[in-house]
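To start, the structure under review is shown below, and the notes come after it.
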Amino acid sequence: LERVGHFMVSSMSSYKDGAVDFSGDEFLRQNLKALAVTDLVMGGKTANGEVPLWQAALQVRLFQCSDEGVCEETEGDTTSCNIWTLPAVEFR
């Protein structure tokens, strides 16, 4: 978690919603599948939709995808619902 925050601060001068390229960091490449910026506040954005580093308040969250698969609840021969533990690899 600390390594992701350091990468975001040291390698980026502004932030924009979407995927972040971390291919230049060996540790992150070995330990992450994806890194994304989400939920930027509209008021701080520049004309091109970016938030400068000095205006950003980073909140890093780490999620591990569940690979347990679907759990089906059935009534007789009919599936009444499907339940996944989120975040699930099926929805990635």
Side-chain angles (χ1 to χ4, degrees):
L1 200 56
E2 185 177 316
R3 183 70 180 250
V4 173
H6 176 73
F7 172 80
M8 297 289 289
V9 171
S10 65
S11 65
M12 303 174 75
S13 60
S14 62
Y15 304 101
K16 188 173 185 174
D17 279 325
V20 174
D21 178 18
F22 57 92
S23 61
D25 187 298
E26 180 69 24
F27 178 83
L28 295 183
R29 257 195 350 263
Q30 291 178 1
N31 293 285
L32 292 180
K33 288 188 179 181
L35 180 60
V37 172
T38 61
D39 301 328
L40 289 175
V41 177
M42 294 300 290
K45 289 184 181 180
T46 62
N48 62 357
E50 295 181 352
V51 173
L53 171 65
W54 61 273
Q55 285 186 327
L58 290 181
Q59 295 180 359
V60 179
R61 292 185 173 77
L62 180 65
F63 297 97
Q64 181 174 349
C65 287
S66 170
D67 59 1
E68 293 178 12
V70 65
C71 175
E72 295 181 345
E73 288 190 11
T74 58
E75 294 179 17
D77 293 337
T78 306
T79 300
S80 58
C81 73
N82 293 324
I83 301 170
W84 285 269
T85 301
L86 298 178
V89 294
E90 291 91 345
F91 301 115
R92 190 173 172 322

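Residues Pro52 and Ser14 approach most closely at CA-CB, 4.0 Å, considering heavy atoms. The minimum heavy-atom distance linking Thr79 with Glu72 is given by the pair OG1-OE1, 3.9 Å. Taking every heavy atom of both residues into account, Arg29 and Gly24 meet most closely at NH1-C, 4.3 Å. Shortest non-hydrogen contact noted between Leu53 and Met12 is CD2-O, 3.9 Å. Closest approach of Val89 to Asp67, counting heavy atoms only: CG2-CA, 4.0 Å.
Side-chain contacts under 4.5 Å among hydrophobic residues (ILVMFWY), followed directly or transitively, place Trp54 with no other residue at all.
Gln59 meets the side-chain hydrogen bond (donor to acceptor under 3.5 Å, both in side chains) test with Arg61; sequence neighbours excluded. The side-chain hydrogen bond (donor to acceptor under 3.5 Å, both in side chains) search around Gln30 returns Glu26, not counting sequence neighbours. By the ring-ring contact (aromatic ring centres under 6.0 Å, His included) test, Phe91 pairs with Trp84, sequence neighbours left out. For Ser13, there are no side chain to side chain contact (heavy atoms under 4.5 Å, CB included) partners at least two apart in sequence or on another chain. With sequence neighbours left out, the side-chain hydrogen bond (donor to acceptor under 3.5 Å, both in side chains) criterion links Ser11 to no other residue. Residues passing the side-chain hydrogen bond (donor to acceptor under 3.5 Å, both in side chains) test with Asp21, sequence neighbours excluded: Ser23. Listed by chain and residue number, Ser66, Glu68 satisfy the side chain to side chain contact (heavy atoms under 4.5 Å, CB included) test with Thr85 (two or more places apart in sequence, or in another chain). With sequence neighbours left out, Glu73 forms a side chain to side chain contact (heavy atoms under 4.5 Å, CB included) with Ser80, Cys81, Ile83.
Under a hydrophobic clustering in which Ile, Leu, Val, Met, Phe, Trp and Tyr are joined whenever their side-chain heavy atoms come within less than 4.5 Å, directly or via other members, Phe63 and Leu28 fall into different clusters.
Residues Leu35 and Val4 have side chains in contact (heavy-atom distance under 4.5 Å, counting atoms from C-beta outward).
Within the structure, salt bridge (Lys or Arg N to Asp or Glu O under 4.0 Å) pairs that include any residue of residues 3-12 comprise Arg3-Asp25 (at least two apart or interchain). Note on residues 2-33: no pairs pass ring pair (Phe, Tyr, Trp, His ring centres under 6.0 Å), not counting sequence neighbours.
From Asp17, atom CG reaches atom CD of Glu50 across 10.5 Å, with rounding to the nearest 0.5 Å.
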